[in-house]
A.B. asks: 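Following this message is one structure expressed as structure tokens.
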Amino acid sequence: MRLLNVSGSPHVHSGESVKRIMWDVNIALIPLLLTAILFFGFEALFVCLVSVASCLLFQWLIEKFLLKTKTTITDGSAIVTGLLLAFNLPSNLPLWIVIIGALVAIGIGKMSFGGLGKNPFNPALVGRVFLLISFPVQMTTWPRPLGICNIFSNGAVDATTGATPLAAFKEAVKNGTANFDMPNLMDAFLGHIGGSMGEVSAIAIIIGGIYMLCRRVISWHIPVSFIGTALVFSAILWCINPSHYMDPITTILTGGLMLGAVFMATDMVTSPMSKWGKVVFGIGCGLLTIIIRNWGSYPEGVSFAILLMNACVPLINKGFKPKRFAK
Amino acid sequence: MRTFRLGGVHPEENKISTNAKIEVFPLPKQAVVFLNQHLGAPATPVVAKGDAVKTGQLIAKAEAFVCANIHSPVTGTVNKIDTMKDIFGFNKTAIVIDVAETEEWVETVDTTPDIKRDITLSQKEIVDKIKEMGIVGLGGATFPTHIKYMIPEGKKAEYLLINAAECEPYLTSDHRVILDHTEEVLIGISVLRKALGVPKAYIGIENNKPEPIARLQEMAKQFEGIEVVPLKVKYPQGAEKQLIYSITRRSVPSGKLPIDVGCVVNNIGTAFSVYEAVQKNKPLIETIMTLTGKSLGQQQQHNFVVRIGTPFSDLANYIGGLPEDTCKIISGGTMMGKAIVNIDGPIVKGTSSMLLISEKEAYRYEEQDCIRCGKCVKACPMGLEPYLFSSLINNGKFQEAADNHLMDCMECGCCLFSCPAHKPLTDEIRLAKTKLRQMQQKK
């Protein structure tokens, strides 16, 4: 006798899976990886590989020996964390620091809460901020990017180091040097400026973002409200005093704001559910970023802004419910 | 293109059986006719064991307010009135009739194939006739139709909406009934329009049925006050509240009925049975249903008109047994249909399909932790938060789930359909609804 399956409806599924979403994010990160290699040489690739490998290893170790559950490293989420962490680091960071960052990101940022889906904070940012506070010198020594034509001819990247545009600006404002030489906007757009490996090239981030939008991994609400708020707020400040505040275009093209708005703030685990909640979250990120940049002690504020807003997500979810039918 | 605003998904349409004309399915050897084939109280039998019955004869009478008459779908003798198992395995009282060799209809039924166009009955007579003939809504809820036409005091009907959306994957019975019985359907709609006393009836139909739309639009010119409204292909376009919104831009508030916004909605299949009841005096003793499945060949896809009481297994035998890989049989569509437990159970009023699902399609992936992606929120056509229900329900907080409007859920399945973590969201919501109803009863 043949037995039939019985289950509740619906009896079909869209085919979406956690794995697919995570691998889509990984695919969206490929342009960033390429620009990182292009501007910072193969050293950048090495940092990425170490970061990803240690994230995978730590997740596997924690699941196997601490939680004693089935391993989930194949779902691709640890690779996303590893890549995003690496993209938030300078390319010349000593590898042992990268490994510590991965341990904090995976161990404290993600697994201590119970794994994927349960973490309130973006794991990569937890790792990054931990390193920023613990190793301030190494974390703020940036290699100058290579010219596009001489990456292969000149392998020695760490020959010169320099500050990021944001840090240089802050320094200039502090010293009262009004005429600060801002980076060429085209360089900033392509990524030919100092900074973390993944944050420099706006164009690569936009390509990745468009891919994720098309695959419906993210929605436009957070990036648009985040960048829009930062743009408007910094424009207001710049109009008040152009010599004291950075111009709005440079503001959004530097200091990881694009990377944060497209890849970090949109992390589905740590962002709100409803459309309006997402907009509020994005506005909060934008405001906090500009406030920390201009009046805080750190030159950049994206990581802190996103982590602070992550903490507000449960509240936002309560306050900004989706619009109900006939309401 | 008109559509509803919130949520919705687009499952694979799989309308494989659209080209199969409606065929008359052979009579069963024994018909099992349940006393409760509709929403509401069971009907009371008016025949006893050993009685001879004719096709179309009243065998159980509606006595409660929300109830429908039941007529004999076959000619024969009453074998017993006993508890029988329905297709979902529930015990229900049924009249079991042994089918006689020759079929004999009740004299009042007009069994000629002629189309009767003149609507001679008055408004009240139509509603009485619908009630007498035991017509129920064939869109799935099987709500007795005549009640919709008894407008409560203080309410006013302004629109008659005919639901031909057929947004469920696989189902093609509405599609076929439009093509094979275009004029009858439109006469049925005119009858309903007269019964309601409204100037206009709108037929809402999903845009993936160009042929029926063209046919209806062409034929509707000969009728007064019928407009065909093509709708965007989006599930659940045929859900009552969504359909009303798509066509009239009116929203039925939570806990209210369509009549509260001046609408009455009927399925197009119901319109056809109303035609038969009012114009031809034929009670609701058969249903038009689809027999389909991906593993069946093109020749084995069918749309049947089947007598009520015919066991599902007769349909399986008709196509030479179930295909090897059949893993699940569904009565209804893949989104809201129910998986059947007992293939020997009979067809009832409102049965719309027998759907054979293969192992590959029926596979349910392992549940993972929620990644809070919000896809369920985006998919929900009622604007609810299924992820929140899931966590509240798993923590036993049923009342809090109800405070977040759990009861507004119509179990359309969009959340589970789109959940990347494969959480059984719709199942959990169903569980909580039952639990909440029990809690309500205890109070």
Side-chain angles (χ1 to χ4, degrees), chain A residues 1-22 24-25 69-70 72 75 77 80 113-120 216-219 221-222 266-278 310 313-314 317-318 320-327, chain B residues 6 9 11-12 169 241-242 245 251-254 256 322 326-330 332 334-341 343 357 361-362 364-365 368-375 377-378 380-385 387-388 404-405 408 411-414 416-422 424 426-427 430:
Chain A
M1 197 174 89
R2 181 155 48 166
L3 290 177
L4 292 172
N5 270 18
V6 178
S7 69
S9 63
H11 305 281
V12 279
H13 193 267
S14 60
E16 294 259 10
S17 69
V18 174
K19 214 171 186 165
R20 212 204 80 178
I21 290 172
M22 291 304 161
D24 269 340
V25 178
T69 52
K70 229 174 81 188
T72 56
D75 68 11
S77 65
V80 172
F113 294 99
L116 180 66
K118 298 196 177 115
N119 49 307
R216 306 213 177 161
V217 175
I218 62 170
S219 67
H221 302 85
I222 291 174
T266 54
D267 171 21
M268 40 182 66
V269 178
T270 57
S271 62
M273 290 284 188
S274 69
K275 281 183 218 164
W276 282 109
K278 284 178 179 162
N310 281 166
V313 165
N317 276 340
K318 262 214 154 98
F320 294 86
K321 297 253 174 193
K323 189 184 138 47
R324 277 199 299 135
F325 187 84
K327 268 280 147 355
Chain B
L6 294 179
V9 293
E12 220 180 304
K241 289 185 174 184
Q242 274 62 29
Y245 183 85
S251 304
V252 183
S254 165
K256 298 278 185 195
L322 300 174
T326 306
C327 179
K328 210 191 254 183
I329 301 176
I330 298 168
T334 43
M335 292 301 285
M336 280 185 88
K338 281 172 153 179
I340 76 167
V341 174
I343 196 167
I357 299 292
E361 274 182 286
R364 259 205 181 190
Y365 290 86
Q368 279 173 281
D369 285 333
C370 170
I371 56 162
R372 311 176 69 74
C373 61
K375 282 185 198 286
V377 176
K378 226 167 131 188
C380 181
M382 298 308 288
L384 306 174
E385 297 159 288
Y387 81 94
L388 182 68
N404 282 288
H405 313 284
D408 278 6
E411 299 165 31
C412 65
C414 289
L416 204 164
F417 176 81
S418 48
C419 179
H422 305 281
T426 322
D427 299 330
R430 265 191 287 262

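Chain letters run A, B, ... following the sequence lines, proteins first, then strands; residues in each count from 1. The shown structure was predicted, so the numbers you read here are calculated from the model rather than taken from an experiment.
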A.B. asks: Which heavy-atom pair separates F325(A) from P381(B) by the least distance, and what is that distance?
C.D. replies: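 The pair with the smallest heavy-atom distance is CD1-O, 3.8 Å.
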A.B. asks: Please report the closest heavy-atom contact between M268(A) and C373(B), naming both atoms and the distance.
C.D. replies: SD-CB, 3.2 Å
A.B. asks: Taking C-beta and beyond as the side chain, do E385(B) and P322(A) meet within less than 4.5 Å on heavy atoms?
C.D. replies: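 Side chain of E385(B) against side chain of P322(A), heavy atoms only: contact under 4.5 Å found.
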A.B. asks: Donor-acceptor check, side chain of H13(A) to backbone of H422(B), threshold 3.5 angstrom: yes or no?
C.D. replies: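 No, H13(A) side chain to H422(B) backbone: no donor-acceptor pair under 3.5 Å.
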A.B. asks: Considering all heavy atoms of both residues, which atom of S14(A) and which atom of S418(B) are nearest to each other, and what is their separation?
C.D. replies: OG-CA, 3.6 Å
A.B. asks: Which atoms of Y365(B) come close to chain A, meaning under 4.5 Å heavy atom to heavy atom: side chain ones, backbone ones, both, or neither?
C.D. replies: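 Interface part for Y365(B): neither.
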A.B. asks: Is N317(A) in contact with chain B via its backbone, its side chain, both, or neither, using a 4.5 Å heavy-atom distance?
C.D. replies: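 Both backbone and side chain.
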A.B. asks: Just so I know, are the side chains of E361(B) and H11(A) near enough to count as touching, which here means a heavy-atom distance under 4.5 Å?
C.D. replies: no
A.B. asks: Can you say whether L322(B) sits under 4.5 Å from chain A via the side chain, the backbone, both, or neither, judging by heavy atoms?
C.D. replies: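 Both parts, heavy atoms under 4.5 Å.
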A.B. asks: Please report the closest heavy-atom contact between L6(B) and K323(A), naming both atoms and the distance.
C.D. replies: CD1-O, 3.3 Å
A.B. asks: Just wondering, do P420(B) and R20(A) contact through their side chains at under 4.5 Å, heavy atoms?
C.D. replies: no
A.B. asks: For K241(B), is it the side chain, the backbone, both or neither that has a heavy atom under 4.5 Å from a heavy atom of chain A?
C.D. replies: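 Interface part for K241(B): both.
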A.B. asks: For residues L116(A) and D369(B), report the shortest heavy-atom separation together with the two atoms involved.
C.D. replies: O-CB, 3.9 Å
A.B. asks: Would you say the side-chain atoms of S9(A) and R430(B) include a donor-acceptor pair closer than 3.5 Å?
C.D. replies: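 Judged by distance alone, the side chains do pair up.
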A.B. asks: Please find the pair of heavy atoms, one from N5(A) and one from K328(B), that lie closest to each other, and give the distance.
C.D. replies: O-CG, 3.2 Å
A.B. asks: A side-chain contact here means heavy atoms from C-beta on lying under 4.5 Å apart; do K327(A) and D408(B) qualify?
C.D. replies: no
A.B. asks: Measuring heavy-atom distances to chain A, does I330(B) have an atom under 4.5 Å in its side chain, in its backbone, in both, or in neither?
C.D. replies: side chain
A.B. asks: CE/M22(A) to CD1/I371(B) distance, rounded to the nearest 0.5 angstrom?
C.D. replies: 4.5 Å
A.B. asks: At what distance, to the nearest 0.5 angstrom, does OG of S219(A) lie from NZ of K378(B)?
C.D. replies: 6.0 Å
